[in-house]
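These notes are about the structure you will find just below.
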Amino acid sequence: MSELPKGYEPADVEKSWYQAWLDGKCFEADPASDKPPYSIVIPPPNVTGILHLGHVLNTTIQDILARRARQKGCEVLWLPGTDHAGIATQTKVERQLRDEEGKTRRDIGREAFLEKVWDWKEKHGGIIIQQLKRLGCSCDWERERFTMDEDYSKWVAKVFADLFNEGLVYRGKRMVNWCPVSLTALSDEEVIPKKQNSQLFYMKYELVETPGEFLEVATTRPETLMGDVAVAVNPKDERYGKYVGKRVKRPFPPAEIPVVADDHVDPEFGTGALKITPAHDKADFEIGMRNELEIIDIFHPDATVNCPEVPELDGLDRFVARKKATAMLEEMGLLIKVEEHENNVGFSERADVPIEPRISMQWFLKYPATEETAKAVAEGDISYRPARWAKTHGSWMDGIQDWCVSRQLWWGHRIPVWYRKEKVEALQGAESLTLEDLSAGDLHVSAEPPADPENWVQDADVLDTWFSSWLWPFATMQKLDEESDLAKKFYPTTDLVTGPDIIFFWVARMIMAGYRFQGELPFKNVFFTSIIRDIQGRKMSKSLGNSPDPIDLMDKYGADGLRFGLMRTAPIGADLRFDEAQVEEGRNFANKIYNACRFRRMAGSDSRVDFEPSACESLRPYHLDILAKCDALAINQESAYAEYRFNEVGQQLYDFLWGEFCDKFLEAVKGDLREEASEEQRETTLGVFDLVMARYLQFLHPYMPHMTEELSSRMGYLAEGEFVMEKELPKTALLSAVDPLKVQEGSAQAAAVYESAAKLRNLKAEYRLAARKDVQFIAKSGPAWLEAEADTLALLAGSQGVTREEAYQPEQGTPGAVTPAGEIFMPLDGLIDVEAEKSRLDKEIEKIQKEVGKAKGKLGNEKFVANAKPEVVSAERERLTEWEGKLAQVQEMRRSLS
RNA sequence: GGUCGAUUAGCUCAGUGGUAGAGCGCUUGCUUCACACGCAAGAUGUCACUGGUUCAAAUCCAGUAUCGACCACCA
C-alpha cells in the first residue's frame, strides 16, 4: 500500500466520502428496522437562507447526535427540510421583480407572482442544503421536506380548520403590529424593540370652555395629531381634575375633543396629560375603548399620511410629517419645548423599520393545549438544556397573548376560508367582512376547497410562516389521514437542537401543536445552542459584515476542522465568541491524527495487525497504559454525551490523542519500531497502535466524520464495504480480559517513566542543554524495573543513555533530580557558567522556601489536620516532604559552588 | 422596571470546597528519520469588587459594579 502524503488535505477526501455515504445509503432511515429509534427533525432553515455560523454549530451538534446514535445501535432518522419563510422570500422576489422588470407584485398579479416565487425557489432555494452537505450532515435527504409541499400544506389547512371549529381561531378588527414596508400584520414575536434617541414634544391645547387657558401634553409622535380624539389625565391627578369632562381644541384639522380620565396615564411622565390616538397606539386604543372614543385612522397602509383635511401633511411619509407637524405647531405658537428622550420603538424583524400599530381585520388564534405545554416543560417531561430556559418558557406561557396568524402576503399557505360570493359582493369586499355578517351557509372553513368554487371567494390572506413551522415534527413524517410507518417508528422525536431565540416562535408552539394534534409531546429533549458572537461580543449580522462565511472556513480548514474547532470551545449555555484560531486548531488536530497514522504506516505492515492483549506476553507498561486510557476514554465519552457536554467530549478526544497517544505513547514505543527491534516487539506495538487507533477513530467519528472514515479505510481498519459511520461502538473494553492488577502496575510504571523523563528534560533545559543528545544520565538508585526501561527513559529524555551505577559518587555540584525512577544525576563536565548558576540557584531556593512555608503553615493548623479528609492531609504531608527534599538538594548544590 | 446569565492568563474558554488549567499568542532552543498545521523548555492570574459561611472559597451565601439576553414598558 502506498505511503500517505505528508499533510492531510481535506478537500477531496471530504467530498468523496460524502458521496460514498450517499451511494451507500448510510443516511437513510428504515422504519421497518427493529433497532431502537432515534430521531431529530432539523430546524428548517429559510429556503432563501445562506449558511452562517449559527447553522454550522446547530447542525454539527445534530450530526454528532445522529452519528453517535447510529454507533450506539439506533435506527436514526435525521429529517431535513426548508421553510418557505413568507416575508423573507416574498421580499426577495419582489426586489428582484422591481430591479429587473421595474414592476411590483400587484402589477403582475397574484398568480403570476407566485409562479415567479416558485421559479425562484427552484433556482436558488437549494443553496443552504448543498452547504449542509458540504459540512457533512448525515440527513436523510430522500425525506427532505418543504413547508409548502402539497402534503404538508394539507396539514396546515386542516389544523386551521380544526382550531376554527373548536372556536380557537377567530377573526376580528384589532390593533396589530403593522409593517409599512411589507404591508402586512406581524405577530408580537416578530417585533423587535430597539432603543431610540427620540424627541419628546411638549405642546398645548386650548380649552374650549375657557379660551386663553391651555392644557399641556407631551408626545413623541406629533404627526398623529390628526387622529387625536381626546386628551387623557389620571383621575387621581389633582392638577387636572377640574378639566375632566371639558373639551380642548385640536389644532389640525380643527376639532373639539374631550378631556377624559383614565388610570393608565402616568402623572409623573411628561406633563401628566396624554393625547389619545386610538388608531395608532395600543394603549390609546384601549383607553379609547374604555371611554367609547372615535377611531380615526390617519395613515395609509404604507404609513404615509392619509388626511386630506390637512393638505400640508397629506401624503407625507410619517417621519417627514413629524417634522412638518412640529413646524406647524410652532408656527401656531402651540409648541412649548422639545426634549431629547430615549425610548423603545418596535421594529419589524424582517424589514427593519418601525412598525406602525394599526387597526385591521385579522385572524387570531387562542393557543391550544397551553396548560399541558406549560406543565410538560415545568415538570421535565420535556427537558430543556440548559435547564434555565425552562423558566423563560414558563414566563412566556404565563403571559401568553392570542396569536395574529394572518399575513397580507401572497407567498404562504392561503387561509382555508371561503366566503359566499354574493355575500361578499353585497358587503363590498371581504376586507371589511366580519363573521357576524355571515350565516353558517355563507362560510366554508376546511382543508378542502368548496365543491362549487365559482360561488365562493377565498380569504386573500396567507398564514404566518410559523403557523406551518409549528407542525414540523409530525407533518413531515406522515400524510394527513394516512397511517405512516415513519411516524410510527420515529415520532415523537428524541432530541431537538435549536437556538434559545426561537423558544416562543417555534419550540413552545411545536409542543402545543404536538399535544393538540398528536396527543403526544413532539420531542423529549431540547438542547439550546450558544449564540455566536464575533470576537468583540457583537451579534453576527450581515450589516456589520462580521459574519465569516463558513464555506470560506471549510475551504481553508476543512469541514472537519471547522466542526471540531467550533465544538471543542463552544460553551454550554453561554454565548460563544468566535475566533478563527479555534478553527485553525481543528485543522491542526486533524493533521496531527493523520500524521500519527502516517507514522504507523511508515513503521510497519500495511494491513492491520491482529492483536489480543490478553494473549500477549510482551506487553510493556506503555502498551498497557495507552490501552487503559483508551478504555477510560470510552467511559468518559459516555458520561459527557449523557449530559450533552459537547465541548468536554471534544476536549477529551483532543487530550487523549495529542497528549497521551502522540506525546507519550508514540514517543515511548518509537524504539520498538526501529530496524534493530525484535519482530515480536514490533508486532506488539503495531498491534496496540491499531487496536487503539481503530477504536479512537470511532470515538472521534461524530466530530470529524470525513477524516475518520478516510483513515479507518486507509489503515485497513474496516472490512470491505464497511463504513465507520455504520459500525457500532464495541461494547467490551480493550483490556477486559487482562488482569487488572497487571494493568495497574503497568500504568504506574509508565507514569513513572513519563514523569521521570520530564524531570530529566527539565534538568537539561535548566542547564541550556535541551538540544544536546549526548547527555549521559547516571542513576544512583532506582526501582527494580529501571534497567528494563532505561533505554525508553533515555529516548524520552532526549539523551544518550541512562545507566545505573549504585557506586556512583557525583562530583560536588553535579546536578541531579529525584525522580520516580530513582535519583538521577547529570554530569556536566564543566560546561556551565558558575556565576549564572549561582544566581539561578538562589532564585530557586527562594521559590522552594515559599512553598515549604505554605505547606508547613497548613499542616501546623490543627483544625485543618483534624477536619480535612485524611487523603488531603497526607497529600499535603507528601508535598512538604518533597519540597523539603528538594530544598536540601538545591542548597547543597549552591554550597558546592561557593 | 422584572427575570435570567456572565465576569478566571494578552485572547477564546475549562474548572462546583482541598497545590489555579487547556489551546492560541508570547519568550528561548530545536528543520531530532509522523507532523513547523510540529517538538522541547519557560514566563504570564488580587479567579470583577465587598462582606459572610467554613479549618479551608475561583467554587457556597448576600450585596455592589460592569457587560449581555429575554420579558414588560411612560405617551
Side-chain angles (χ1 to χ4, degrees), chain A residues 4 6-8 193 200-201 217-221 224 232 264-277 281 283-284 287 341 343-344 386 388-389 391-392 394-396 398-399 500-501 503-504 531 533 535 537 539 557 561 565 568-582 584-603 645 647-648 651 654-655 658-659 662-663 666-667 670 674 758 761-766 768-773 798 851 854-855 858 861-869 871-873 875-876 879 883:
Chain A
L4 301 177
K6 190 168 172 180
Y8 176 59
L200 188 59
F201 301 87
V217 299
T219 180
T220 52
R221 302 203 60 191
T224 62
H264 175 262
V265 181
D266 176 3
E268 303 293 319
F269 187 89
T271 64
L274 170 63
K275 75 185 197 66
I276 303 300
T277 321
D281 184 280
D284 287 10
I287 294 173
H341 173 70
N343 64 346
N344 270 332
R388 61 193 164 84
W389 293 114
K391 203 166 176 180
T392 304
S395 64
W396 184 68
D398 282 346
D501 48 334
I503 289 181
F504 312 141
I531 290 173
R533 300 176 173 280
I535 199 106
K539 256 190 179 173
Y557 304 109
R568 188 163 80 99
T569 45
I572 306 297
D575 292 351
L576 164 72
R577 293 198 181 200
F578 178 78
D579 187 349
E580 192 171 322
Q582 294 159 359
E584 196 179 337
E585 258 174 59
R587 177 204 53 181
N588 295 353
F589 183 53
N591 193 56
K592 185 75 180 177
I593 304 163
Y594 176 83
N595 270 289
C597 289
R598 181 166 176 262
F599 172 66
R600 153 72 181 83
R601 174 56 51 77
M602 288 165 82
R645 300 177 66 94
N647 53 350
E648 198 174 310
Q651 188 66 36
Y654 188 90
D655 288 344
W658 206 308
C662 290
D663 288 352
L666 278 188
E667 294 301 328
K670 261 182 182 171
R674 292 191 173 150
R761 281 196 304 263
N762 182 288
L763 207 53
K764 281 171 66 188
E766 274 182 35
R768 309 203 170 279
L769 299 170
R772 300 278 286 264
K773 298 280 164 199
E851 293 295 337
K854 241 162 105 180
K858 215 166 180 184
N861 180 343
E862 283 170 31
K863 288 179 173 173
F864 169 72
V865 177
N867 296 324
K869 285 182 212 142
E871 61 264 32
V872 173
V873 177
E876 194 63 40
R879 197 151 50 233
W883 283 116

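Below, chains carry the letters A, B, ... as their sequence lines are ordered, and counting in each starts from 1.
An OP1 or OP2 oxygen of B/C74 is reached within less than 4.0 angstrom by no side-chain nitrogen or oxygen of A/His341. Within the structure, every side-chain polar atom (N or O) of A/Arg388 is placed at least 4.0 Å from both OP1 and OP2 of B/C4. The phosphate of B/G15 (OP1 or OP2) has a side-chain N or O of A/Arg645 nearer than 4.0 angstrom.
Distances from the side chain of A/Glu585 to the nucleotides B/G18, B/A75, B/G23 place B/G23 closest. Among B/C55, B/A75, B/C24, the nucleotide with an atom closest to any side-chain atom of A/His264 is B/A75. Taking only side-chain atoms of A/Phe504, from C-beta outward, the nucleotide of B/G38, B/C71, B/A41 with the closest atom is B/C71. Closest approach to the A/Asn588 side chain among B/C74, B/C37, B/U12 is made by B/C37 (side chain taken as heavy atoms from C-beta onward). For A/Leu274, the listed nucleotide lying nearest its side chain is B/A75; candidates were B/G38, B/C70, B/A75. Candidate nucleotides B/G23, B/C24, B/U12 were compared by shortest atom distance to the side chain of A/Arg568, and B/G23 ranks first. Of the candidates B/U12, B/C4, B/G38, the closest approach to any side-chain atom of A/Lys391 belongs to B/C4. Nearest nucleotide to the side chain of A/Asp579, out of B/A75, B/U12, B/C24: B/U12.
Nucleotide B/A40 holds its P atom 12 Å from the NZ atom of A/Lys764, rounded to whole Å.
When heavy atoms are screened at a 4.0 angstrom cut-off, A/Arg761 is found touching the sugar-phosphate backbone but no base atom. Using a 4.0 Å heavy-atom criterion, one finds that A/Leu576 contacts the sugar-phosphate atoms exclusively. Among the atoms of the strands shown, only primed sugar atoms or phosphate atoms (P, OP1, OP2) are found under 4.0 Å from some heavy atom of A/Asp575. Using a 4.0 Å heavy-atom distance criterion, A/Asn762 is classed as a sugar-phosphate-only contact. The residue A/Ser395 sits apart from the nucleic acid: no heavy atom pair falls under 4.0 Å. Looking at heavy-atom distances under 4.0 Å, A/Asn343 makes contact with sugar-phosphate atoms alone, never a base.
Rounded to whole Å, the C1' atom of B/G10 lies 23 Å from the corresponding atom of B/A65.
The side chain to side chain donor-acceptor pair (under 3.5 Å) test with A/Tyr557 is passed by exactly one of A/Glu585, A/Glu580, A/Arg587: A/Glu580.
Residue whose closest nucleotide on RNA chain B sits further toward the 5' end, between A/Lys863 and A/Pro267: A/Lys863. Along RNA chain B, the nucleotide closest to A/Phe589 and the one closest to A/Ala765 are compared, and the more 5′ of them pairs with A/Phe589.
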Sub-3.5 Å pairs of nitrogen or oxygen atoms, protein against nucleotides 33-36 of chain B:
{"from": "B/A34", "atom 1": "O3'", "to": "A/Arg598", "atom 2": "NH1", "distance (Å)": "3.0"}
{"from": "B/A34", "atom 1": "O2'", "to": "A/Asn595", "atom 2": "OD1", "distance (Å)": "2.4"}
{"from": "B/A34", "atom 1": "O2'", "to": "A/Arg598", "atom 2": "NH1", "distance (Å)": "2.8"}
{"from": "B/A34", "atom 1": "N7", "to": "A/Lys670", "atom 2": "NZ", "distance (Å)": "3.4"}
{"from": "B/A34", "atom 1": "N6", "to": "A/Glu667", "atom 2": "OE2", "distance (Å)": "3.0"}
{"from": "B/A34", "atom 1": "N3", "to": "A/Asn595", "atom 2": "O", "distance (Å)": "3.1"}
{"from": "B/A34", "atom 1": "N3", "to": "A/Ala596", "atom 2": "N", "distance (Å)": "3.4"}
{"from": "B/C35", "atom 1": "O4'", "to": "A/Asn595", "atom 2": "OD1", "distance (Å)": "2.9"}
{"from": "B/C35", "atom 1": "O4'", "to": "A/Asn595", "atom 2": "ND2", "distance (Å)": "3.4"}
{"from": "B/C35", "atom 1": "O2'", "to": "A/Asn591", "atom 2": "ND2", "distance (Å)": "3.1"}
{"from": "B/C35", "atom 1": "O2", "to": "A/Lys592", "atom 2": "NZ", "distance (Å)": "3.0"}
{"from": "B/C35", "atom 1": "N3", "to": "A/Lys592", "atom 2": "NZ", "distance (Å)": "3.0"}

